[in-house]
Amino acid sequence: MNQILGVKRNPWKLINLGFLVPYNSRMTLAIRLHNLVKTYAAKPPVEAVRGLDLEVPTGECFGLLGPNGAGKTTTLEIVEGLLDPTAGEVEVLGLRWGQNDNEIRQRIGISLQETRLSDKLTVRETVTLFRSFYPVGLSPQEAIARVGLEEKANVYLDKLSGGQKQRLAVAAALVGDPELLFLDEPTTGLDPQSRRQLWDVIRSLKDRGRTVVITTHYMDEAERLCNRVAVIDLGKVIALGTPAELIARVGGEHVIDLDLDPTTPVRPATDDMLKLPTVRSIREEGNRFMLTAAEPHRALPALLDYLRAQEVKLVGLTTRTATLEDVFVTLTGRHLRDGE
């Protein structure tokens with residue numbers, strides 16, 4: 001597990017000071033979760049979701065981020081009506097599962113992380129089948145065109161690549177023209193061109209006032225598409241805000257990566273580097289130190305002077321803009337792709 005060193009300000013305190021500020025209650029909500037709990041019977045019981053609270057306003061592209069086992073997919077499946085919660089309140093478009101099931105299903109679209117479709121149907125036949133489930137929606141041809149599968153319209157599913165099958169699953173979710181669209185890892189397995197094309201689809205839905213909820217392991221995807229993101233870990237929301245807000249509030253907007261020579265006899269002291277101008281936090285992973293700094297043009301000269309004075313040998317030094325991945329590691333000590 002990664003080691004977090006020398007954070008000047010406790011990130012958990014930062015959360016309490018502003019990360020979890022709810023939206024104005026007068027706004028129309030696409031999703032409202034209150035004290036959501038999901039426990040699986042086992043010895044001991046497994047608490048996948050632990051008192052989770054969340055509000056997603058209408059018209060927002062909202063991202064759920066977290067490693068495998070964090071509870072984000074369980075949360076999503078409860079909101080989609082695929083799982084029953086153990087406890088808590090769930091409202092979707094102002095409606096509740098168990099009371100308004102048919103109405104909710106007519107107004108949402110779902111693309112699961114793994115969708116099993118019939119290999120005996122063509123692309124057009126598959127989308128036509130899904131279109132028949134809704135009283136209104138897109139034409140099958142329009143849904144197929146939105147995901148760039150026009151040339152494959154008459155091809156059977158067993159002849160499609162993995163990325164093409166993923167795009168077909170998104171077309172099936174779009175064909176009912178949903179007010180609320182759920183996309184669980186939508187671009188996994190897609191080539192860069194198909195990925196950007198799906199981004200355009202999501203942006204067009206936002207422009208039309210529709211709500212999109214996505215889970216993703218691609219941080220650039222969340223930063224470019226999402227109005228806000230929630231970081232989920234151990235079944236709870238631990239940070240909530242716009243990507244820019246989270247990056248700015250957890251350690252600054254810039255990162256300096258130091259790669260030590262494995263043969264160096266001296267390692268830099270964390271306490272000393274934290275005293276350098278504008279350095280806010282330091283994280284260590286093996287022979288790499290990652291420093292967040294508010295003003296790298298001030299931090300770098302002082303850092304280089306310190307390393308020379310201590311005779312620390314480097315094999316690399318780079319600067320970059322902080323990302324949501326840095327936010328997640330700072331908060332949890334793990335990378336987004338790490339499991340529990």
* At their closest point, which heavy atom of D84 faces which heavy atom of K38, and how far apart are they? -> O-NZ, 2.7 Å

* **Salt-bridge criterion met for R32 and E55 (N-O under 4.0 Å)** => no

* Give a yes or no on this: more than 12 heavy atoms of other residues, nucleotides or ligands lie within 6.0 Å of atom NZ of K236. => no

* Asked: Which of these, L149, V123, D119, sits in a side chain to side chain contact (heavy atoms under 4.5 Å, CB included) with L160?
  -> V123

* Asked: Heavy atoms, side chains only, cut-off 4.5 Å: are I110 and L112 in contact?
  -> yes

* Do R50 and V37 come within less than 4.5 Å of each other through their side chains, counting heavy atoms only? -> no

* Polar contact flag, side-chain donor to acceptor under 3.5 angstrom, T323-D326 -> yes

* To do: List the atom of T188, the atom of Q166, and the distance in Å for their closest heavy-atom pair.
  => O-CG, 4.0 Å

* Neighbour count >12 (heavy atoms, 6.0 Å) for atom CD, Q99 -> yes

* To do: Go through the steps to decide whether R210 and L181 satisfy the test side chain to side chain contact (heavy atoms under 4.5 Å, CB included), and finish with yes or no.
  => CA-CA 8 Å; R210 304 303 170 92; L181 178 65; over 6 Å; no

* **Step-by-step salt bridge (charged side-chain N to carboxylate O under 4.0 Å, His left out) determination, D220 to R195** => CA-CA 12 Å; D220 61 329; R195 192 174 171 218; 2.8 Å; yes

* Asked: Under 3.5 Å, is there a donor-acceptor pair linking the side chains of E185 and T216?
  -> no

* Ion pair present between D191 and R196, side-chain N to carboxylate O less than 4.0 angstrom? -> no

* Got L180 and V213 here, is their nearest side-chain heavy-atom distance under 4.5 Å? -> yes

* Might you point out which heavy atoms bring G71 and I232 nearest each other, and give the distance in Å? => C-CG2, 4.4 Å

* Asked: Take atom CG in N102; do more than 12 heavy atoms of anything else shown fall under 6.0 Å from it?
  -> no

* **T264 OG1 to E311 CD distance, which is reported to the nearest 0.5 Å** => 9.0 Å

* Asked: Taking NZ, NE, NH1 and NH2 as the nitrogens, is one of them in R283 or E285 under 4.0 Å from a carboxylate oxygen of the other?
  -> yes

* To do: List the atom of A269, the atom of Y306, and the distance in Å for their closest heavy-atom pair.
  => N-OH, 3.0 Å

* V147 and L168, any side-chain heavy atoms less than 4.5 Å apart -> no

* Flag the pair F182 / I31 as yes when at least one side-chain heavy-atom distance between them is below 4.5 Å, and no otherwise. => yes

* Using a distance-only test with no angle check, is there a side-chain donor-acceptor pair under 3.5 angstrom linking T292 and S281? -> yes

* To do: Kindly give the heavy-atom pair with the smallest separation between A230 and F62, and that separation in Å.
  => CB-CZ, 3.6 Å

* How close do K120 and Y156 get, heavy atom to heavy atom, and via which atoms? -> O-CE2, 3.3 Å

* Asked: Tell me, do L83 and W97 make a side-chain contact under 4.5 Å, heavy atoms counted?
  -> no

* Asked: Is there a side-chain contact between V237 and D53 (heavy atoms, below 4.5 Å)?
  -> no

* Structure fact -> Of T126, T122, V127, L121, the one forming a side chain to side chain contact (heavy atoms under 4.5 Å, CB included) with R124 is T122

* Got a second to check how far L52's CG is from N35's CG, nearest 0.5 Å? -> 9.5 Å

* Is E284 salt-bridged to R267, cutoff N-O under 4.0 Å? -> yes

* Salt bridge D177-R208, side-chain N to carboxylate O under 4.0 Å -> yes

* Might you confirm whether atom CZ of R116 has over 12 heavy atoms from other residues, nucleotides or ligands at distances under 6.0 Å? => no

